[in-house]
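Numbering starts at 1 and runs along the sequence shown. Order of listing sets the numbers, starting from 1, for every ligand and every atom in it. If you're wondering where the values come from, they're calculated on a predicted model, not measured in any experiment.
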Amino acid sequence: MSSNIKKEYNLKIKLIKKYNESYFDHNKSIVSDASYDILKKEILELENKYNFLNSKYSPSKYVGFKPSKNFHKSPHRVPMLSLGNAFSEEDLLNFEKKISNFLSLNGKEIYYSAEPKIDGISASLTYKKGKFFKGLSRGDGKEGEDITSNLLTIEDIPKKILSKDFPEEIDIRGEVFIKNDDFKNLNVKFANPRNAASGSLRQKNSEETKKIPLNFIAYTFGYERGLMVNNQFEYLKKLTEWGFKTNPLNKLISGVKNLLNNYNQIEKKRINLDFDIDGVVYKVNDFAMQKRLGSVANAPRWAIAHKFSSNKAISQILDIEIQIGRTGALTPVAKIKPINIGGVLVSNATLHNEDEINRKDIRIGDTVVVERAGDVIPHILSVDKQKRLKNSKKFIFPKNCPSCGSETIKEFNKITKKVDAVRRCSSEGYYCNKMSVEKLKHFVSKEAFNIDGFGKKIVENFWKLKLIKYPQDIFNLDFSKIKNLDGWGKLSVQNLKYSIDQKKIISLERFIYSLGIRHIGLENAKLLSKHFVSFSKFKNLTKQIDYEDLLNIDGIGDTQVSSIKIFFSNEANQIVLNELEKVLLIKDAIKNSNNGLLKNKTFLVTGKLNGISRAEVKSLIEEHSGKTVSSVSKKLNFLIIGEKPTKKKIDDAKKLKIKVIDQVKFLKMLNKSS
Ligand code: IVH
């Protein structure tokens with residue numbers, strides 16, 4: 001039991017160590033802030049529960065991580081602490097209860113300074129006799145990096161403070177950040193403004209930092225001599241008098257209910273703020289109380305960060321755009337006010353299809369809840385109808401293709417006996433521009449022609465420049481024109497030419513797939529290529545009887561056949577086939593003999609084989625007229641076992657007296673050695 005817990009703990013520690021190294025050493029965040037926070041919380045909870053768990057890499061042992069090796073390090077005279085997280089009302093009630101018990105308040109109300117938590121990079125600015133003396137990053141909380149010269153470039157940081165009541169010496173602490181709008185205009189690779197702020201603060205050349213519009217908002221202090229205030233809210237007021245910016249949404253609040261109210265209001269305002277926030281920080285207002293409460297591990301008992309959900313956020317629909325796919329499907333996409341969801345700035349959300357828009361009555365201008373879970377495309381969860389603008393109008397889905405003007409249709413699905421939810425452009429071949437570009441992208445894609453260095457961006461680019469319109473154009477490119485384009489040179493043109501030439505020999509199966517015929521994916525293309533064997537037979541598919549013949553292929557049905565028919569009845573497609581034939585060498589498919597060594601024999605593999613993949617085994621079996629099945633049953637003849645096989649499969653096979661063989665025996669059956 002305890003060894004399992006240790007195992008789980010060590011795994012989590014390993015993960016957080018990796019995240020920390022990547023973020024703090026390489027300035028690269030490989031995990032969303034939200035997932036990071038959850039991992040941190042899980043580690044701390046495990047340590048709380050089981051006191052035998054301990055690691056020097058535990059977040060209870062450090063704040064942040066060691067500063068980058070590039071900067072001079074300097075100790076913080078008062079450590080820069082981090083904050084515990086709250087995600088729910090229950091967490092907040094617990095937080096308050098602990099404080100109340102600790103201070104024996106007997107239900108006396110506690111006032112908090114509630115401050116929107118800006119998602120930036122914290123910095124500590126030391127002032128001596130009113131002069132900005134030195135600025136440090138947080139580093140590991142105990143010592144930071146001396147980033148004074150970079151901080152000096154920030155306008156919001158006062159360099160000299162003349163106010164009489166400004167302390168003799170003080171470390172003013174706050175957040176360095178980039179405004180959302182500025183981030184959008186910056187051409188940087190960072191996923192969000194926070195990473196961009198971090199990157200620009202932690203680079204050596206302050207002339208470069210100067211070019212990035214960094215801001216500073218102050219909210220706390222470290223070491224001080226001569227600070228004459230008794231509580232946080234007073235301190236925030238003083239900060240503005242001294243010339244610092246503070247958050248205009250800071251509030252003095254008591255009671256968990258009111259904290260929650262304020263939190264909900266701030267979450268709604270979030271999209272209209274010009275800086276990124278990821279929650280609200282609550283600090284016990286009274287400094288005397290703060291002092292009595294002190295801190296545990298690396299976080300104060302008197303403060304907590306109430307985080308926003310890691311996968312949902314409120315935003316507003318600015319526009320609804322209709323995208324057109326390779327097969328003509330019209331997909332509506334909501335352009336939303338950019339919002340940070342779990343560390344990624346989201347500005348598009350899929351609306352799926354016309355029905356979905358109607359069902360949820362989604363309109364331009366609506367306030368909506370957007371969800372982003374894992375790698376799935378963000379989508380709209382719900383519409384806040386109360387927030388709907390007075391002049392809002394129902395969204396009318398276009399009845400004609402926005403790209404080519406053709407009529408759009410919703411097909412009747414014979415299998416489900418329902419009208420499709422998806423509306424499609426009814427044009428065929430290469431009539432619709434948007435569809436054509438998508439077809440070309442498919443043509444060069446990995447499973448199709450897979451032309452090295454010829455990706456989606458290049459397709460778009462060459463299309464715009466009218467260098468390509470049909471697939472055959474790719475093989476007849478005018479390289480002298482490309483050589484003179486921005487970003488291209490002799491060498492890159494040579495490389496492109498080489499990789500295109502390399503792909504002029506192609507299997508029939510890949511070729512059929514690359515045509516992008518609707519309903520003909522990789523598997524179906526394979527079936528068709530085996531059926532036709534040669535390109536010429538495929539190209540000459542015209543007779544009704546030949547189409548009917550296709551229905552005999554196991555796996556090909558009415559839907560596929562009618563789609564192939566539509567493809568061939570289009571003249572542009574016929575021309576494409578003829579033109580491609582001129583420039584390509586399309587290899588015949590190897591027809592499987594149905595009289596091979598494994599005729600009438602069925603196989604199933606369990607466990608990992610050595611040096612040969614499952615897919616390869618399957619194709620070997622099929623090549624020799626054998627069949628593979630997916631479970632142990634009377635129909636099975638041979639169970640091939642590899643490393644770590646499923647015991648149950650072996651037991652079941654033995655019960656049914658099925659032959660159990662290993663890889664060596666299997667290959668011997670084919671007269672091959674392993
Ligand atoms: S107070 C002990 N106040 O949140 C108090 N922090 O997870 C520590 N932050 O490192 C900081 N807004 O980068 C404080 N109003 C605010 C804040 C704030 C953002 C950041 C800061 C800190 C982190 C804690």
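- Contacts between M80 and ligand 1 below 4.0 angstrom, taking non-hydrogen atoms only, are absent altogether.
- At a 4.0 Å heavy-atom cut-off, ligand 1 touches L83 through backbone and side chain alike.
- The distance criterion of under 3.5 Å between nitrogen or oxygen atoms is not met by W302 with respect to ligand 1.
- I118 O, 3.3 Å is the protein heavy atom nearest to atom 19 (C) of ligand 1.
- The closest side-chain donor-acceptor pair between N348 and T350, if any, does not fall under 3.5 angstrom.
- Looking at E115 and Q232, their side chains come closer than 4.5 Å, going by heavy atoms from C-beta outward.
- Distances below 4.0 Å separate heavy atoms of P300 from the following atoms of ligand 1: 2 (C).
- Protein heavy atom nearest atom 11 (C) of ligand 1, with residue, atom name and distance: Y219 CE1, 4.0 Å.
- For the 3.5 Å distance criterion, the side chains of N272 and K337 qualify, holding a donor opposite an acceptor.
- Residues E371 and L381 have side chains in contact (heavy-atom distance under 4.5 Å, counting atoms from C-beta outward).
- Using cut-offs of 30° and 60° for the angle between ring planes, the F308 and Y263 rings count as tilted.
- Listed by chain and residue number, E168 satisfy the salt bridge (Lys or Arg N to Asp or Glu O under 4.0 Å) test with K129 (two or more places apart in sequence, or in another chain).
- Under the rule for a ring pair (Phe, Tyr, Trp, His ring centres under 6.0 Å), the partners of Y235 that lie at least two apart in sequence or sit in another chain are F221.
- Here is the list of ligand 1 atoms found below 4.0 Å of a heavy atom in K283: 1 (S), 3 (N), 14 (C), 15 (N), 16 (C).
- By the 6.0 Å contact criterion, OH on Y111 is open, its count of non-hydrogen atoms from other residues, nucleotides or ligands being 12 or less.
- Scanning the protein heavy atoms around atom 8 (C) of ligand 1, the nearest turns out to be L81 O, 3.8 Å.
- By the 6.0 Å and 45° rule, K159 does not stack over the aromatic ring of F132.
- Polar contact with ligand 1: absent for S82 (N/O pair, distance under 3.5 Å).
- Atoms of ligand 1 found under 4.0 Å from any heavy atom of S122 (numbered from 1 in listed order, with element): 10 (O), 13 (O).
- At least one N/O-N/O distance between E175 and ligand 1 falls below 3.5 Å.
- Heavy-atom proximity to E115, at under 4.0 Å, picks out these atoms of ligand 1: 3 (N), 15 (N), 16 (C).
- Of the heavy atoms in K117, both backbone and side-chain atoms come closer than 4.0 Å to ligand 1.
- Heavy-atom separations between R138 and ligand 1 include at least one value shorter than 4.0 Å.
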